[in-house]
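Structure first, commentary second.
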Protein chains: 2
Amino acid sequence: MTSGHDPVRSRRTTERKGDVRERAILDTCEALLARKGYDAMTVGDIAQGAGITRGALYFYFGSKQDVVTALVARTVGHLWERSRATAQTEDPRQAIAAAMQRTVELWNAHGLVMRTAIDLSLTVPEIGELWNHTADLFITAITAVLERAGIQPGTAPEHAAAMARALCWMIERTFYHASQESREKLQEASATCEHIWLTSAGLTA
Amino acid sequence: MTSGHDPVRSRRTTERKGDVRERAILDTCEALLARKGYDAMTVGDIAQGAGITRGALYFYFGSKQDVVTALVARTVGHLWERSRATAQTEDPRQAIAAAMQRTVELWNAHGLVMRTAIDLSLTVPEIGELWNHTADLFITAITAVLERAGIQPGTAPEHAAAMARALCWMIERTFYHASQESREKLQEASATCEHIWLTSAGLTA
DNA sequence: CCAGGGAGTTTACACAGTGTCGATTTTTAT
DNA sequence: ATAAAAATCGACACTGTGTAAACTCCCTGG
């Protein structure tokens, strides 16, 4: 891929052989995660899939958890880029619709890794932090929309921040389940969540 | 508890020695779950805590997962008893308040095992079913309240059943996190969820 | 009373997966 | 061309799981 015409004085071929391997490992890991799940997947499996031995894999990652953590980090990185590119619409109704649509796409594209991240959040502290940070991005965004829709700001149980948190968990969990079923279910789940979000924001149709 | 005065002709001492051990194993498992978490907890630890050897434990349970499954089953059994005793209030507002209060108590008493059940729902199919069934009880109850509050019945994305599902996941996830923090957080989380539930039911203020 | 059987227990073993290490080969930069 | 750095391998030690055969205890029917 990206055949190198390697123009004059191009930046060093900084593409170490190891970088390719590392990517191969992560890709294999993602594939195996889909095929057998985290527990059944063994370090030997990953190494074999990447075309190396277990011993060689430990040159790149310190453990199975490290591999998965790296995979989550890679995926979550995409989410962050994506979310930075969010056009800040003024109208809350539009903002909500746009956010839900974007979230559906996110889960369609990365559902597997996101579910894995959630599952391992407890047991692997590193992943927990990664996912917490991601959730905070969402909560902050939801809070902003709620406040713009007229919900009282502040952290009291019935004001914007706390509500945003609950709504975020609602979306996470609902999408978590729906994304295991089918794209159609995800779309329906999205509609339901959007409706509750709108209602909670006082934007009753 | 329930000290046996063992009246005349009492039912056989159906209390086999093994029954006591079995309970001891489950109790130990619950304690260890709190202290070290599922992954770190080893079969040897459980056996030791229960005062027997690993080998003996395998006489009672086929595996570590089996032990935890039994523990979850025991706890979830309590939930079901508890929920059967629900007084069906007419007024939706009261019903919602009562349900949330009950849920707070549930999580205060059994938060640890409930969190464990949720975490293992994927990896241990048995536990997944147990928890799914429990969730269905809640969803059914929420659906009933929504409908009595005037939300259109049916399974379309914005009607009662789907909304109940989303609200159930919201509560599950919010309580899951809050119950890890403190009783105060749980109480606050409850207030937030109640507020969103009320709003979604069209019972604004 | 006492033999036999089932419940309960132990010790030893086989196995699978993890992580480490030193030796060795392959890349890469000069 | 060559030496250092990067990458790879195979063997090893360790931990945890699950199984099996043998042993003990105790209860119960004759």
Side-chain angles (χ1 to χ4, degrees), chain A residues 4 6 8-29 31-33 35-71 116 120 123-127, chain B residues 4 6 9-29 32-33 35-71 116 120 123-127:
Chain A
D6 200 1
V8 196
R9 244 179 51 87
S10 79
R11 222 75 180 78
R12 286 272 162 277
T13 307
T14 328
E15 182 79 318
R16 293 226 164 296
K17 181 185 179 186
D19 296 331
V20 181
R21 266 288 136 79
E22 194 167 318
R23 233 178 304 136
I25 293 173
L26 260 33
D27 292 342
T28 304
C29 178
L32 287 175
L33 227 35
R35 179 138 28 96
K36 349 178 43 174
Y38 180 81
D39 286 335
M41 172 182 71
T42 180
V43 174
D45 292 338
I46 305 176
Q48 184 173 11
I52 52 179
T53 51
R54 269 171 12 86
L57 188 145
Y58 279 102
F59 173 78
Y60 293 98
F61 299 98
S63 68
K64 180 177 162 183
Q65 294 195 344
D66 277 8
V67 177
V68 179
T69 301
L71 175 60
T116 305
L120 299 180
T123 30
V124 187
E126 277 249 42
I127 294 183
Chain B
D6 199 1
R9 242 177 55 82
S10 79
R11 223 75 180 78
R12 285 270 162 280
T13 306
T14 326
E15 182 81 318
R16 294 229 165 295
K17 180 183 177 187
D19 296 331
V20 181
R21 268 285 139 78
E22 195 167 317
R23 233 178 304 134
I25 292 172
L26 260 33
D27 292 342
T28 304
C29 177
L32 287 175
L33 226 35
R35 180 139 28 98
K36 349 178 40 174
Y38 179 81
D39 286 336
M41 172 182 71
T42 179
V43 174
D45 292 338
I46 306 176
Q48 185 172 8
I52 53 180
T53 48
R54 270 172 14 84
L57 189 145
Y58 279 103
F59 174 77
Y60 293 99
F61 298 99
S63 69
K64 179 177 163 183
Q65 294 195 344
D66 277 8
V67 177
V68 179
T69 301
L71 175 61
T116 306
L120 299 180
T123 31
V124 187
E126 277 249 40
I127 294 183

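In what follows, every chain begins at residue 1, and chains take the letters A, B, ... in the order their sequences are listed. Everything numeric in this text was worked out from a predicted model, so none of it was measured.
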What is the separation between atom CZ on A/Arg21 and atom P on C/dT28, rounded to the nearest whole Å?
12 Å
Nearest whole Å is fine: how far is C/dA7 P from B/Tyr60 OH?
11 Å
Rounding to an integer number of Å, can you tell me how far A/Phe61 CZ sits from D/dA7 C1'?
14 Å
Nearest-0.5 Å distance that lies between atom CG in A/Leu71 and atom CD1 in A/Ile25
12.0 Å
Below 4.0 Å: OP1/OP2 of D/dT8 and any side-chain N or O of A/Tyr58
no
Among D/dG18, C/dT18, D/dT8, find the nucleotide with the atom closest to the side chain of A/Ala56.
D/dT8
So, does A/Lys64 use its side chain to make a donor-acceptor pair with the main chain of A/Met41 at under 3.5 Å?
yes
Are A/Leu32 and A/Thr42 side-chain neighbours, meaning at least one heavy-atom pair lies under 4.5 Å?
no
Looking at B/Thr53, I'd like to know whether one of its side-chain N or O atoms comes within less than 4.0 Å of OP1 or OP2 on C/dT10.
yes
How many whole angstroms separate atom CG of A/Asp39 from atom C1' of C/dT18?
15 Å
Taking atom C1' of D/dA22 as reference, at what distance in whole Å does atom CZ of B/Phe59 sit?
15 Å
Would you mind reading off the distance between B/Tyr38 atom OH and D/dT17 atom C1', rounded to a whole angstrom?
12 Å
Between P on D/dT15 and NZ on A/Lys64, what's the gap in Å once rounded to a whole number?
19 Å
Record whether the side chain of A/Arg54 comes under 3.5 Å of the base of C/dG17 through a donor-acceptor pair of N or O atoms.
no
Where the side chain of A/Lys17 is defined as all heavy atoms beyond and including C-beta, which of D/dT17, C/dT9, D/dA7 is the nearest nucleotide?
D/dA7
Mark yes when over 12 heavy atoms from residues, nucleotides or ligands other than B/Glu126 sit less than 6.0 Å from its CD; otherwise mark no.
no
So which nucleotide from C/dT9, C/dG19, D/dA7 ends up closest to the side chain of A/Arg16?
D/dA7
Euclidean distance, atom CD of residue A/Gln48 to atom P of C/dG17 [Å, nearest integer]
12 Å
Within less than 4.0 Å of OP1 or OP2 of D/dT17, is there a side-chain N or O belonging to B/Thr42?
yes
For B/Gly55, answer base if it contacts any base atom (sugar-phosphate contacts may also be present), sugar-phosphate if it contacts only those atoms, and nothing otherwise; contact means non-hydrogen atoms under 4.0 Å.
base
OH-CG distance between B/Tyr38 and B/Leu33, expressed to the nearest 0.5 angstrom
9.0 Å
